[in-house]
J.: 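Quick one: the structure is below, and I'll ask about it shortly.
No hydrogens, no waters, no symmetry mates; every other heavy atom, side chains included, goes into these values.
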Amino acid sequence: MTTFVDRVELHVAAGNGGHGCASVHREKFKPLGGPDGGSGGKGGDVLLVVDPQVTTLIDYHHHPHRSATNGKPGAGDHRTGGDGNDLVLSVPDGTVVQDKQGNVLADLVGFGTTFVIAAGGRGGLGNAALASSRRKAPGFALLGEPGESLDIVLELKSVADVALVGYPSAGKSSLISVLSAAKPKIADYPFTTLVPNLGVVTAGDTTYTIADVPGLIPGASQGKGLGLEFLRHVERCEVLVHVLDCATLETDRDPLSDLDTIEAELALYGGLEDRPRLVALNKTDVPDGQDLADITRASLEERGLEVFDVSAVSRKGLREFSFALARIVAEARAAKPVEQVTRVVLRPTAVDDAGFTVSYDANEDLYRILGGKPERWIKQTDFSNDEAVGYLADRLARLGVEVELAKAGAKEGDTVVIGATENAVVFDWEPSMAAGAEMLGRRGEDHRFESPRDAVTRRREKEAVRDDAASEFARFDPLPRREIEPAAEEFDEYEDN
């Protein structure tokens, strides 16, 4: 079974915000005590956190769909809904977060580093929060916003100071096993190592990590063998060590040709030209191996490379080799600029910035409105409630949408779309001369809509009949108003039966 996974595709979804509540306070002797609907809770976020105890992405390989919990809806008596629980996903140090197009969203290095990959939706306001001096009893509440949902790619790049590169079976796993406490699998056949191995080495006052990268072969940078899959683990290393096999049984190979092949693959992969190189001539405990090392040493030193004769079996030259690596790692660390704390710069939106754009699409013959506020408002609107739709119209008018539509050349009856192609709201534009609570009728209604719901139509017809009956009683038998009311109530009871 696979125990090491360094690249996965993850589907994350933050929690949706809870809906607001439309409620009216009721108690004895106070049937209409005012709006008391609470707001909905916020949806949970999805966070990525670097955890030192996590070394692989295998959990997300088996369970690629992760989602946070939704916020609870509000309730009457001013009760706010509970927030959804955040979902914390632990990732290894050195994880790169990308979108499906390959754009880097975050590079998570350092224990405890946190990144919010998907934000939860905000809860909708209840009608108590929407009440004002002009709209005293709103008959609607705002819906909770949906949480962010996206597909991401997690890619692990090992964080190590030294990378051992070379042909399969060159002895890289053997070297890391004797230099550190790592216990990689060792065998006498190619591609024994199928996953990178990490070990910690202490040489004098310097402690560094060393990575055993799976064997490279010609064509690795184009995907042949295991090279393309694991070359990314070399990117973060400060030092590259060429482990050259001086006791290979293949007649067409020798240390110099192996070095040239691996360097060519590293050059094709790119980004590693500035890393210092060392050469470890391995397996010099074999008589023929020592002879081959003596022959190739001069050629390697002519190229400016520091060469060490080593043997994982007899441990020959390992002390000098480990201290040389410690020296180069210490120099690389000292040459690094001191990391400064990132200064947070706040750039608030300008006061006169409307925060939306209006454009005309000639191909589809419509006007499209894009912007954070309008797109968020349509997600919060319950389009089955006339008053909620009227409230949306008021907000858009106050934002200046109607003015910009008129400037763009829109006329009455033109098609207007708010939002991107998906989940957009389409309507025919009807310019309004006035907007506000003074145009409201009964709770849940708005006089600006000429096509009310069936329930509203039936109620208005019933009211018209009731008013006509009261007028007839008044015309034939003029009575005080207190006597007309019981008669109208008797008529309503008759109509209901």
J.: Just by distance, do the side chain of Asp93 and the backbone of Gly110 share a donor-acceptor pair under 3.5 Å?
T.: yes

J.: What is the minimum heavy-atom distance between Trp429 and Ala410, and which atoms define it?
T.: CZ3-O, 3.2 Å

J.: If we ignore hydrogens and angles and just use 3.5 Å, is the side chain of Lys379 paired with the main-chain N or O of Arg376 as donor and acceptor?
T.: no

J.: Just to verify, what does Arg66 make a salt bridge (charged side-chain N to carboxylate O under 4.0 Å, His left out) with, not counting sequence neighbours?
T.: none

J.: Sequence neighbours excluded, which residues qualify as side-chain hydrogen bond (donor to acceptor under 3.5 Å, both in side chains) partners of Asn103?
T.: Asp99

J.: Looking at side-chain heavy atoms only, is the closest gap between Val97 and Leu154 below 4.5 Å?
T.: yes

J.: Do Val416 and Leu366 come within less than 4.5 Å of each other through their side chains, counting heavy atoms only?
T.: no

J.: Can you pull out every side chain to side chain donor-acceptor pair (under 3.5 Å) where at least one residue sits in residues 39-50? Sequence neighbours excluded, please.
T.: Lys42-Asp45

J.: How close do Pro64 and Leu10 get, heavy atom to heavy atom, and via which atoms?
T.: O-CD1, 3.1 Å

J.: May I have all residue pairs that pass ring-ring contact (aromatic ring centres under 6.0 Å, His included) and include part of residues 364-386, sequence neighbours excluded?
T.: Tyr360-Tyr367

J.: What I want to find out is whether Asp161 reaches Arg333 closely enough, with some N-O distance under 4.0 Å, to be called a salt bridge.
T.: yes

J.: Between Glu238 (side chain) and Val329 (backbone), is there a donor-acceptor pair under 3.5 Å?
T.: no

J.: Restricting to non-hydrogen atoms, name the atom on Ile418 and the atom on Leu396 that form the minimum distance, rounded to 0.1 Å.
T.: CD1-CD1, 3.8 Å

J.: For the residue pair Ala22 and Phe140, what are the closest heavy atoms and their distance?
T.: CB-C, 3.9 Å

J.: Which pair of heavy atoms, one from Ala118 and one from Val12, lies closest together, and at what distance?
T.: CB-CG2, 4.4 Å

J.: If the condition is salt bridge (charged side-chain N to carboxylate O under 4.0 Å, His left out), which residues does Glu155 pass it with, not counting sequence neighbours?
T.: Arg7, Arg232

J.: List for me each residue that meets ring pair (Phe, Tyr, Trp, His ring centres under 6.0 Å) alongside His25, sequence neighbours excluded, and say none if there are none.
T.: none

J.: Please collect all ring-ring contact (aromatic ring centres under 6.0 Å, His included) contacts where either partner lies in residues 74-131, sequence neighbours excluded, each pair once.
T.: none

J.: Please name all residues satisfying salt bridge (charged side-chain N to carboxylate O under 4.0 Å, His left out) with Glu331, sequence neighbours left out, ordered by chain then number.
T.: none

J.: Within the distance-only criterion (no hydrogens, no angle test), does the side chain of Asn85 pair as donor or acceptor with the backbone N or O of Thr69 below 3.5 angstrom?
T.: no

J.: Give every residue pair that meets the salt bridge (Lys or Arg N to Asp or Glu O under 4.0 Å) criterion with at least one member in residues 105-122, sequence neighbours excluded.
T.: Asp107-Arg236, Arg122-Glu145

J.: Check Asp365 against Thr415 and note the closest heavy-atom contact, atom names and distance.
T.: O-CB, 4.2 Å

J.: Taking side-chain hydrogen bond (donor to acceptor under 3.5 Å, both in side chains) as the definition, give me every residue that meets it alongside Asp86, ordered by chain and number, with sequence neighbours left out.
T.: none

J.: Without swapping roles, check the side chain of Asp77 against the backbone of Arg79 for a donor-acceptor pair under 3.5 Å.
T.: no

J.: Is Lys100 salt-bridged to Glu9, going by a charged N under 4.0 Å from an acidic O?
T.: yes

J.: For Gly112, is there any backbone N or O sitting under 3.5 Å from a side-chain donor or acceptor partner on Thr114?
T.: yes

J.: Nearest 0.5 Å please: distance from the OG atom of Ser67 over to the NE2 atom of His11.
T.: 12.5 Å

J.: Just by modelled atom types, is the Leu130 backbone N or O under 3.5 Å from a matching donor or acceptor in the Asn127 side chain?
T.: no

J.: Holding to side-chain hydrogen bond (donor to acceptor under 3.5 Å, both in side chains), I want the full list of residues that pass it with Arg275, two or more places apart in sequence or in another chain.
T.: none

J.: Would you say Thr113's side chain and Val109's backbone share a donor-acceptor pair under 3.5 angstrom?
T.: yes

J.: In chain order, what residues pass the side-chain hydrogen bond (donor to acceptor under 3.5 Å, both in side chains) check against Asp382, with sequence neighbours excluded?
T.: Ser384

